[in-house]
Protein chains: 4
Amino acid sequence: MLERVDASFRRRKQARPRELLEAALALFVEKGFAAARAEDIAARAGVSKATLYLYFRSKEDLLKALIAERFASGMDIAATHDTSDAMASQDLLRDVLTAWQSTLMQCHAGGIFKLILTEVRNFPALADFWTREVIEPARRLVSGIVVRGIDRGEFRSVDPDLVVHALVLPIIVMCLHRDAMRPASVPDSSLLNAPDIFGRHFEFVLEGLIDRPLQCRGCCR
Amino acid sequence: MLERVDASFRRRKQARPRELLEAALALFVEKGFAAARAEDIAARAGVSKATLYLYFRSKEDLLKALIAERFASGMDIAATHDTSDAMASQDLLRDVLTAWQSTLMQCHAGGIFKLILTEVRNFPALADFWTREVIEPARRLVSGIVVRGIDRGEFRSVDPDLVVHALVLPIIVMCLHRDAMRPASVPDSSLLNAPDIFGRHFEFVLEGLIDRPLQCRGCCR
Amino acid sequence: MLERVDASFRRRKQARPRELLEAALALFVEKGFAAARAEDIAARAGVSKATLYLYFRSKEDLLKALIAERFASGMDIAATHDTSDAMASQDLLRDVLTAWQSTLMQCHAGGIFKLILTEVRNFPALADFWTREVIEPARRLVSGIVVRGIDRGEFRSVDPDLVVHALVLPIIVMCLHRDAMRPASVPDSSLLNAPDIFGRHFEFVLEGLIDRPLQCRGCCR
Amino acid sequence: MLERVDASFRRRKQARPRELLEAALALFVEKGFAAARAEDIAARAGVSKATLYLYFRSKEDLLKALIAERFASGMDIAATHDTSDAMASQDLLRDVLTAWQSTLMQCHAGGIFKLILTEVRNFPALADFWTREVIEPARRLVSGIVVRGIDRGEFRSVDPDLVVHALVLPIIVMCLHRDAMRPASVPDSSLLNAPDIFGRHFEFVLEGLIDRPLQCRGCCR
DNA sequence: AATGAATGAGGGTTCATTCAT
DNA sequence: AATGAATGAACCCTCATTCAT
């Protein structure tokens, strides 16, 4: 019976930390850590300032909890990727990166990237997070597909890191641009707002990557 | 002797605003706008806190002055570029971008990029600056060379913006990485610390760009 | 079984106020009224913070209840004293004061004395308590024995209050020293830590008090 | 000339720490450390709360500074004491203690004693202060005179510490009583408010101390 | 009766900004 | 022009107290 009575109350209590972290993330991203007020975070989570301190010992703690528990989710590149042997490496690569880019855009990863850039000096754990949860997984996955492509004779033999570089870094800038710059009045004519810019960028990079015996322009004749 | 003293004094006085802006830039970049203390900026410029307010009406004013007067210098991509017709477009492109990348690295443009990302919401002028002084000049210049290359039959016929995308965005991330992340303990094995990463990245992108009748891989034999 | 449970529960409930007062006393003594946290008091009494407020309307109320109900017990000088006529006044005095001093030491009266000193300004009732329950009873009792001694020709004829002064005040300091200072690192060589300091002090004062025809130091020879 | 212009300003600045310490002492004594508000301390010193923090890094620092710099002055028992050989030890002792008692009363040492008792748990330095600046100097001085008196045949041969005990501890209680209790409504009939109580107490203790061959009551005859 | 959750009010501390010299 | 001193306005955080179950 106690359970019944408490249900909604308990559910609330269970949800509090998550709600607070959500609110904190939003405000940290919006204003930066220093300028985000504890009271505003609490208000955004629908509680009073003091309640925030029931769940987190300090504003710093909030950020640390964000780093530890919440950042990772939602920007996992390896989440879903088809490894069927039948698939061409270039399609695999396209699928993975398109999905990741889409995920990052949807979860407003740019805000998080910005926060990491801004606060990494005060919270070195952010550097770890950045490396461990963003750069390296992406590198590992993309490299793997590139190596697979090279092994299968689909790709030219290139340093896989160069492909990572050419495909992943632009995604990061696009995220930053969207979540940090776009709210400000950036003209739509901007380079980064072009329609399907990532898709076309991907195909362009692919051009330099694929081994294409069939597309010989008759040079040897 | 009085004149001498006055002279240096005057020179000092003339230099004050510049010195203060310099100090402000350093601290804004290091700690962010909100966390940079007016007192520290003044101290770094070698004057008292009150003196800062003789030259700038507020901390915000400092940033606005920075945006208006100081950001542009030092990251101008068009500063020096050879337009001799004799030069191959790929060499031209390589020279320009290598020089720019080098300039950006040297003037710690990453810090400024970070500042722009962080404060653009509070200072919309930063968005203008970003577009007008960074993205568009680079786009214009690179596009121009690409078009020249296509016109001269050196490059494949591609959307020039894609080349901008593939070459410029990674440079931005590299700057951010260097000036915002590197001070934190990022492992040297990091993707972005690889030796001559930009040079190799450039060559990789170039591969997909050049029209290569001479570089046939022997496909027709 | 239900009865059993209820019984102990009831007993618990009956005991709650006492347990809370006990806990409050301990923490008020340890940290002072202002610095003692309601939550810590409740925790020490084994209940939740909210429960404390079922029994006492405020933290102040706790102290008032302490003053009213609990301080008096345990430091009553008149508790047990032998009034047999056969006893020499000096022995009577020694017995009474030694017993009292011992009682005070055991019940950590020094902490209470400290609390009285600290909070008397905010709780004037503490001054009443101090006078009515500590000073005056001791004064009455000691004075009475001194008068008895004088009447019986055992003591010199002195103002009884002077004896009270000489014997009671040092006891108070000793209590304060023990319960307020000793936990801090006071060197054992301290004046107040000497072995049997009270006993020896008593005998010293007694020397000046007794009429001693039998203890002539041979001055007339 | 600069000195002239600044004179009053500078004097103010020089005086600030002293004024703040004075105010802090008053409020710490009146309300205890925890309950004394920084704002009230500043207001009492005639400055704003923020100004307090120009001179002291925290409220704790204020107390530490008080301990280190201000407590000692004003309660120095050894300040002025005549060591002329011509003086009788009992007169020397009376003079010294009367002067000390008077000094302590005037500088409201009782408040400081109370503060020490209250805060010694949080500021162990207070225990050092108490021992080093109050108890031991008094002990040393009184002991010295007692030994001198014994050596010169003026006093009975007693443990000097007992005399310290009998004379110094009551002074401490009197101070505490006056500065901590008296503001509260303690009846004037109180033991400790008797006229010249210390003088009479001293004479009483002296009775038990002096060697008096001339005052033989004829016991040996 | 008991308590986990919540909060209003308030205190300590900082800092951008102004004042007096 | 320059600055040491001063401060009002926040902001972070705590805690006595109340609410909802």
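As a basis for the values below, the full set of heavy atoms in this structure was taken, side chains included, without hydrogen atoms, waters or symmetry mates. Below, read A as the first sequence line, B as the second, and so on, with proteins coming before strands; counting in each chain starts at 1.
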Chemist: What is the separation between atom CZ on A:F56 and atom P on F:dT14, rounded to the nearest whole Å?
Modeler: 15 Å
Chemist: Expressed in angstrom and rounded to an integer, what is the separation of D:L54 atom CG from F:dT7 atom C1'?
Modeler: 9 Å
Chemist: Starting at the 5' end of DNA chain F, write a dot or bracket for each base, bracketing those in Watson-Crick or G-U wobble pairs whose two distances are under 3.5 Å and using | for partners on another strand.
Modeler: .||||||||||||||||||||
Chemist: When you compare the side chain of A:L52 with that of A:E39, does any pair of heavy atoms fall below 4.5 Å?
Modeler: no
Chemist: Would you say D:F28 and D:I41 make side-chain contact, with heavy atoms under 4.5 Å?
Modeler: yes
Chemist: Side chains of D:V29 and D:L25: closer than 4.5 Å at any heavy-atom pair?
Modeler: yes
Chemist: Return the value, rounded to whole Å, for the distance between atom CD of D:E39 and atom P of E:dT14.
Modeler: 16 Å
Chemist: Tell me: CD1 of D:I41 to C1' of E:dT13, nearest whole Å?
Modeler: 14 Å
Chemist: Looking at A:Y55, I'd like to know whether one of its side-chain N or O atoms comes within less than 4.0 Å of OP1 or OP2 on E:dA5.
Modeler: no
Chemist: Quick one: A:L20 CG to F:dC12 P, roughly how many Å, whole number?
Modeler: 14 Å
Chemist: In whole angstroms, how far is the P atom of E:dG11 from the CD atom of D:E60?
Modeler: 18 Å
Chemist: Measure CZ/A:F33 against P/F:dC11 and give the value in whole Å, please.
Modeler: 14 Å
Chemist: In whole angstrom, give the distance that lies between atom CG of B:D61 and atom P of E:dA16.
Modeler: 14 Å
Chemist: What nucleotide among E:dT17, F:dG4, F:dT7 has an atom nearest to a side-chain atom of B:S58?
Modeler: E:dT17
Chemist: If the cut-off is 4.0 Å, is C:Y53 near the phosphate of E:dA2, judged by side-chain N/O to OP1 or OP2?
Modeler: no
Chemist: Is it the case that C:K64 places NZ or CZ above or below the six-membered ring of C:F123, under 6.0 angstrom from the centre and within 45 degrees of the axis?
Modeler: no
Chemist: So, do D:L21 and D:F56 sit near enough that their side-chain heavy atoms are less than 4.5 Å apart?
Modeler: yes
Chemist: Pick the closest DNA chain E nucleotide for A:L52 and for B:K49 by heavy atoms, then say which residue is nearer the 5' end.
Modeler: A:L52
Chemist: Check this one for me: any side-chain N or O of B:R16 less than 4.0 Å away from OP1 or OP2 of F:dA2?
Modeler: yes
Chemist: Which one, F:dT17, E:dT3, E:dA5, comes nearest to the side chain of C:K59?
Modeler: F:dT17
Chemist: Under a 4.5 Å cut-off applied to non-hydrogen side-chain atoms, are D:W130 and D:V120 in contact?
Modeler: no
Chemist: Base, sugar-phosphate, or nothing: which does D:A35 touch, judged by heavy atoms less than 4.0 Å apart?
Modeler: nothing
Chemist: When all nucleic acid strands are considered with a 4.0 Å heavy-atom cut-off, which category describes B:A36: base, sugar-phosphate, or nothing?
Modeler: sugar-phosphate
Chemist: I want to verify a distance call: between E:dT13, E:dG4, E:dA5, whose nearest atom is closest to the C:S48 side chain?
Modeler: E:dG4
Chemist: Does a side-chain heavy-atom distance below 4.5 Å link D:L63 with D:L115?
Modeler: yes
Chemist: So D:A38, base contact, sugar-phosphate only, or nothing? Heavy-atom distance under 4.0 Å.
Modeler: sugar-phosphate
Chemist: For A:T51 and for B:A50, find the nucleotide of DNA chain E with the closest heavy atom, then tell me which residue's nucleotide is more 5'.
Modeler: A:T51
Chemist: Hey, are the side chains of A:V47 and A:L54 touching, using non-hydrogen atoms and a 4.5 Å cut-off?
Modeler: no
